[in-house]
Amino acid sequence: MSTHAEIGNVTYSHDLPKTPVDAAFLASQAGKINVSMIALVGCWGCTLSFLDMDERLLGLLDKITILRSSMTDIKRIPERCVVGFVEGGVASEENIETLEHFRANCDILISVGACAVWGGVPSMRNQLPLADCLEEAYIKSPTVVAGIIPIIPNHPDLTRVTTKVYPCHEVVKMDYFIPGCPPDGDAIFKVLDDIVSGRPVDLPTSMNRYD
Ligand code: SF4
């Protein structure tokens, strides 16, 4: 069985509904909107930046309902969200399915951090054939136990990894990007506060990080 997959059947959605950040829309939501976050292939550093919003997050709780976060084990969001944050890039079929479902059920999708924005550290493997990466990880690894014949995992229940690591916008349309590894909590708060306040998203250059 093949252990990898190509991204070949993914369709961009260029005709998604216009971003509903106007005051009338927010009022129609009784002043409170659903917000969720998912994590694909990253290190959770960006998730921790969310926590760096500290008590400011509490101040937003009268305007948002956090439906799902990376701290929970909910596989799929149970209700439509206005805002969806994504940490991490796409490196498996499961990631593709998760991101496509999130796109279909969020009005505004935001790439958070270098991995989501351009692939980040995991995309370093794009320089090599996938077969070489798998062999290095599972066959030649110094942690291979002596006396046991090493194999590359290939159980049918395992998700297939993609040949490359992809930034999210190469799989689905993303509406906003917050760069950084990780971005500051200040930057995430600025974007979220703009949206829930009905303002156009305006992340100052000074809050963009490219490290
Ligand atoms: Fe971790 Fe950096 Fe990727 Fe965020 S961008 S998930 S901090 S490696």
Hey, any chance [X] and [Y] share a hydrophobic cluster, counting ILVMFWY side chains that come within less than 4.5 Å of each other, even indirectly?
| X | Y | result |
| --- | --- | --- |
| L61 | M53 | yes |
| L67 | L57 | no |
| L40 | F177 | yes |
| I110 | V35 | yes |
| V82 | I178 | yes |

Between [X] and [Y], which heavy-atom pair has the shortest distance, and what is it?
| X | Y | result |
| --- | --- | --- |
| P183 | C46 | CD-SG, 3.6 Å |
| I38 | R68 | CA-NH1, 3.8 Å |
| L158 | P153 | CD1-CB, 3.7 Å |
| G119 | P167 | N-CB, 4.0 Å |
| V117 | H169 | O-CE1, 3.2 Å |
| G59 | D62 | O-OD1, 3.0 Å |

Do the charged groups of D186 and K190 touch, with an N to O distance under 4.0 Å?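 Salt bridge absent between D186 and K190.
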
To the nearest 0.5 Å, what is the distance between [atom1] ([X]) and [atom2] ([Y])?
| X | Y | atom1 | atom2 | result |
| --- | --- | --- | --- | --- |
| M71 | L51 | CE | CG | 4.0 Å |
| C133 | I152 | SG | CD1 | 10.5 Å |
| C81 | I108 | SG | CD1 | 11.0 Å |
| I33 | I66 | CD1 | CD1 | 11.0 Å |
| E79 | S36 | CD | OG | 9.0 Å |

Heavy-atom check, side chain of [X] versus side chain of [Y], under 4.5 Å:
| X | Y | answer |
| --- | --- | --- |
| K173 | L109 | no |
| D52 | D184 | no |
| I64 | L192 | yes |
| I77 | C106 | yes |
| R103 | D175 | yes |
| V90 | K164 | no |
| I96 | Y166 | no |
| L130 | L134 | yes |

Counting only heavy atoms not in L58 (residues, nucleotides, ligands), do more than 12 fall under 6.0 Å from its CG?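 Result for CG/L58: enclosed.
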
Check which hydrophobic residues are tied to M124 through side-chain heavy-atom contacts below 4.5 Å, counting indirect links as well, and list them.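 Hydrophobic cluster check, M124: joined to V121.
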
Option from D107, N34, N105 for which side-chain hydrogen bond (donor to acceptor under 3.5 Å, both in side chains) with R80 holds: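 So, applying the side-chain hydrogen bond (donor to acceptor under 3.5 Å, both in side chains) to R80 and each of D107, N34, N105, only D107 qualifies.
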
Tell me the ring pair (Phe, Tyr, Trp, His ring centres under 6.0 Å) pairs involving [range], sequence neighbours left out?
| range | value |
| --- | --- |
| residues 89-138 | none |
| residues 54-73 | none |
| residues 42-63 | F50-F85 |

The criterion is side-chain hydrogen bond (donor to acceptor under 3.5 Å, both in side chains); which residues satisfy it with N126, sequence neighbours excluded?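 side-chain hydrogen bond (donor to acceptor under 3.5 Å, both in side chains) list for N126, sorted by chain: empty.
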
Under 3.5 Å donor-acceptor, [X] side chain and [Y] backbone:
| X | Y | result |
| --- | --- | --- |
| R125 | T163 | yes |
| T159 | E94 | yes |
| S92 | R160 | no |
| S197 | D193 | yes |

Pairs flagged by salt bridge (charged side-chain N to carboxylate O under 4.0 Å, His left out) wherever residues 133-144 is involved - sequence neighbours left out: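 For residues 133-144, and leaving out neighbouring residues, the salt bridge (charged side-chain N to carboxylate O under 4.0 Å, His left out) pairs sorted by first residue read E135-K140.
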
